[in-house]
**Student:** 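I'd like to ask some things about the structure below.
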Number of protein chains: 2
Amino acid sequence: MTKANHESLLDICRRHGLRITGQRRVILEVLDASGDHPDVEELHRRVAAIEPGINIATVYRTMNKLAEKGLIERHMFEDGRLRYEPAPEQHHDHFINLETGEVVEFRSDEIERLQEEIARKHGFEIVSHKLELYVRARKPR
Amino acid sequence: MTKANHESLLDICRRHGLRITGQRRVILEVLDASGDHPDVEELHRRVAAIEPGINIATVYRTMNKLAEKGLIERHMFEDGRLRYEPAPEQHHDHFINLETGEVVEFRSDEIERLQEEIARKHGFEIVSHKLELYVRARKPR
DNA sequence: ATGGATGCAAAATTTTTGCAGCTCC
DNA sequence: GGAGCTGCAAAAATTTTGCATCCAT
């Protein structure tokens with residue numbers, strides 16, 4: 001489940017010409033280590049655990065900058081807070097377990113294909129998309 | 001494109017035992033007439049155009065109550081504001097035109113079916129879902 | 001009559017911003 | 001050195017809430 005063998009966000013940022021400060025180093029490390037979709041407050045908590053004194057405004061500003069460059073993905077689930085995850089190499093969608101809050105990733109090429117097809121029929125070109133399935137564990141009978 | 005021949009939100013509310021006040025009458029009327037997905041501020045603006053003096057807190061409280069009863073649908077697009085639409089008889093998904101901000105509804109039974117299938121494979125049961133395609137007009141070559 | 005709805009203002013939450021100082025390149 | 005980043009505090013933006021009053025049922 002964890003990402004392995006990938007270029008670190010740190011390196012990607014360097015490539016994009018972003019300045020690497022002590023704070024960013026920590027924030028990027030936290031993002032790299034996160035397998036979930038934390039909101040800014042949660043990120044700030046994790047960052048502060050490693051290096052206290054980093055201001056939440058810095059986290060906001062960093063996330064905005066990274067999102068702007070497409071290095072992370074911004075989500076807005078129904079809870080109304082911004083959530084982030086490192087940009088996946090391949091797009092995926094999300095199950096959100098309503099009972100546990102857990103977020104599980106999945107991908108369906110067939111659905112992706114159908115989306116393209118429908119968009120084309122409507123004269124649109126897809127820039128990005130988001131599919132969220134709000135679910136609960138299937139009750140065994 | 002407009003809804004016709006349907007029970008009014010007003011009647012639905014009555015059936016659900018909600019108290020019908022002057023303010024609600026106006027809010028429901030605005031909702032019924034809205035073919036789009038207004039946020040609370042926009043709703044309040046439209047409501048105030050008909051009957052000034054209705055407080056925005058009342059709009060918020062009414063929307064919360066209606067959403068709670070499932071009479072309207074709450075959306076959270078990427079702009080980070082709560083948006084609403086009268087509950088559709090049949091579920092549909094959304095194109096969001098990034099160039100114009102326009103929201104277009106669509107539905108694909110095939111995608112719906114695939115979603116069910118994938119959820120089942122993961123041991124989940126879908127409670128609700130949301131599919132948003134962020135698009136732009138297809139460039140003619 | 002009475003429980004629910006409203007207006008108003010205050011509070012809570014989440015995110016952005018102005019500014020002075022600091023630091024990476 | 002200078003553009004970019006940070007901390008801090010204040011502001012902005014969105015949503016909720018306490019309370020006294022009012023009104024639909």
Side-chain angles (χ1 to χ4, degrees), chain A residues 9-31 37-48 50-69 71-84, chain B residues 8-31 37-48 50-69 71-84 101:
Chain A
L9 265 178
L10 194 72
D11 290 333
I12 300 178
C13 283
R14 263 196 268 268
R15 268 206 290 108
H16 282 255
L18 290 187
R19 199 165 282 190
I20 305 303
T21 65
Q23 292 90 328
R24 282 204 181 153
R25 218 179 285 276
V26 178
I27 294 172
L28 296 175
E29 178 190 328
V30 164
L31 270 172
H37 304 69
D39 60 25
V40 176
E41 210 180 312
E42 175 61 24
L43 279 172
H44 182 236
R45 202 173 302 126
R46 294 180 195 177
V47 161
I50 299 176
E51 179 76 31
I54 297 181
N55 197 280
I56 196 167
T58 299
V59 180
Y60 270 108
R61 278 190 280 229
T62 302
M63 300 319 277
N64 282 343
K65 181 131 288 191
L66 295 180
E68 201 178 280
K69 298 254 179 190
L71 307 185
I72 58 177
E73 252 179 35
R74 227 175 81 137
H75 296 288
M76 187 71 109
F77 297 149
E78 287 291 325
D79 64 4
R81 248 164 295 137
L82 293 172
R83 293 163 171 278
Y84 296 91
Chain B
S8 72
L9 263 178
L10 194 73
D11 289 334
I12 300 179
C13 283
R14 264 197 266 268
R15 269 205 290 108
H16 281 256
L18 290 186
R19 200 165 281 190
I20 306 302
T21 65
Q23 292 91 327
R24 282 205 180 152
R25 218 179 283 275
V26 178
I27 294 172
L28 296 174
E29 178 190 330
V30 165
L31 271 173
H37 303 68
D39 62 23
V40 177
E41 210 179 311
E42 174 61 24
L43 279 172
H44 183 236
R45 203 173 303 127
R46 294 180 195 178
V47 161
I50 300 178
E51 178 76 32
I54 296 181
N55 197 279
I56 197 168
T58 300
V59 180
Y60 271 107
R61 277 190 279 231
T62 302
M63 299 320 277
N64 282 343
K65 182 132 287 191
L66 295 180
E68 201 178 281
K69 298 255 178 189
L71 308 185
I72 58 177
E73 252 180 36
R74 228 176 78 138
H75 296 288
M76 187 72 111
F77 298 147
E78 288 290 325
D79 64 4
R81 248 163 297 136
L82 294 172
R83 293 164 169 278
Y84 297 91

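Chain letters run A, B, ... following the sequence lines, proteins first, then strands; residues in each count from 1.
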**Student:** B:Leu66 CG to C:dA5 P: how many Å, rounded?
**Tutor:**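 Nearest whole value for this atom pair: 10 Å.
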**Student:** Measure NE2/A:His16 against P/D:dG4 and give the value in whole Å, please.
**Tutor:**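 These atoms are roughly 17 Å apart.
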**Student:** Does a side-chain N or O of A:Lys65 approach OP1 or OP2 of D:dG4 to a distance below 4.0 Å, or not?
**Tutor:**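 Looking at the OP1 and OP2 atoms of D:dG4, neither is under 4.0 Å from any side-chain N or O of A:Lys65.
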**Student:** Which is true for B:Gly53 with a 4.0 Å heavy-atom rule: it touches a base, it touches only sugar-phosphate, or it touches nothing?
**Tutor:**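 Sugar-phosphate contact only - B:Gly53 comes under 4.0 Å of backbone atoms but never of a base.
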**Student:** Quick one: A:Arg83 CZ to C:dT15 P, roughly how many Å, whole number?
**Tutor:**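 Atom-to-atom, A:Arg83 to C:dT15, this comes out as 10 Å.
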**Student:** Taking for each residue the nucleotide of DNA chain D with the nearest heavy atom, is it A:Gln23 or B:Thr21 whose nucleotide lies nearer the 5' end?
**Tutor:**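 Result: A:Gln23.
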**Student:** Counting only side-chain heavy atoms from C-beta out, which of D:dT6, D:dT25, D:dC5 sits nearest to A:Thr62?
**Tutor:**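 My answer, after comparing the listed nucleotides, is D:dT6.
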**Student:** Please confirm whether the backbone N or O of A:Thr58 pairs with a side-chain atom of A:His44, one donor and one acceptor, at under 3.5 Å?
**Tutor:**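 Looks like no, no N/O pair under 3.5 Å.
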**Student:** Where is the tightest heavy-atom contact between B:Ile72 and B:Ala67, given as atom of each residue plus distance?
**Tutor:**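 Where B:Ile72 meets B:Ala67 most closely, the heavy atoms are CG1-N, 3.6 Å.
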**Student:** What is the minimum heavy-atom distance between A:Leu71 and A:Leu9, and which atoms define it?
**Tutor:**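 Scanning both residues, the minimum pair turns out to be O-CD2, 3.9 Å.
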**Student:** Check for a donor-acceptor pair, side chain of B:Arg24 on one end and backbone N or O of B:Arg19 on the other, with a separation under 3.5 Å.
**Tutor:**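 Looks like yes, one N/O pair under 3.5 Å.
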**Student:** Write down the distance between CZ (A:Arg24) and C1' (C:dC24), rounded to a whole number of angstrom.
**Tutor:**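 It works out to 11 Å between those atoms.
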**Student:** Would you please test B:Gln23 and B:Val47 for side-chain contact (heavy atoms from CB on, under 4.5 Å) and show each step?
**Tutor:** CA-CA 9 Å; B:Gln23 292 91 327; B:Val47 161; over 6 Å; no
**Student:** OP1 or OP2 of D:dC8 less than 4.0 angstrom from a side-chain nitrogen or oxygen of A:Asn55, does that happen here?
**Tutor:**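 Indeed, a polar side-chain atom of A:Asn55 lies that close.
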**Student:** Mind running salt bridge (Lys or Arg N to Asp or Glu O under 4.0 Å) on B:Arg25 and B:Glu29 for me, showing each step along the way?
**Tutor:** CA-CA 6 Å; B:Arg25 218 179 283 275; B:Glu29 178 190 330; over 6 Å; no
**Student:** What's the CE-P distance between B:Met63 and C:dT6, to the nearest Å?
**Tutor:**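 Checked: the CE to P distance equals 13 Å.
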**Student:** Could you tell me the separation between the CZ atom of B:Arg25 and the P atom of C:dT6, rounded to a whole number of Å?
**Tutor:**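 After rounding, the reported distance stands at 12 Å.
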**Student:** In whole Å, I'd like the distance from the CD atom of B:Glu42 to the P atom of D:dA13.
**Tutor:**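 In whole Å, D:dA13 P lies 17 Å from B:Glu42 CD.
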**Student:** Atom pairs, N/O to N/O, protein against nucleotides 15-17 of chain D, distance under 3.5 Å?
**Tutor:**
{"from": "D:dT15", "atom 1": "OP1", "to": "B:Leu82", "atom 2": "N", "distance (Å)": "3.0"}
{"from": "D:dT15", "atom 1": "OP2", "to": "B:Tyr60", "atom 2": "OH", "distance (Å)": "2.6"}
{"from": "D:dT15", "atom 1": "O5'", "to": "B:Tyr60", "atom 2": "OH", "distance (Å)": "3.3"}
{"from": "D:dT16", "atom 1": "OP2", "to": "B:Asn64", "atom 2": "ND2", "distance (Å)": "3.1"}

**Student:** Which pair of non-hydrogen atoms, one from B:Phe77 and one from A:Met76, has the smallest distance, and what is that distance?
**Tutor:**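 Closest approach of B:Phe77 to A:Met76, heavy atoms only: O-CG, 3.9 Å.
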**Student:** Let's see if you can work this out: which of C:dG3, D:dG7, C:dT6 has an atom nearest to the side-chain heavy atoms of B:Arg19?
**Tutor:**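 The closest nucleotide is C:dG3.
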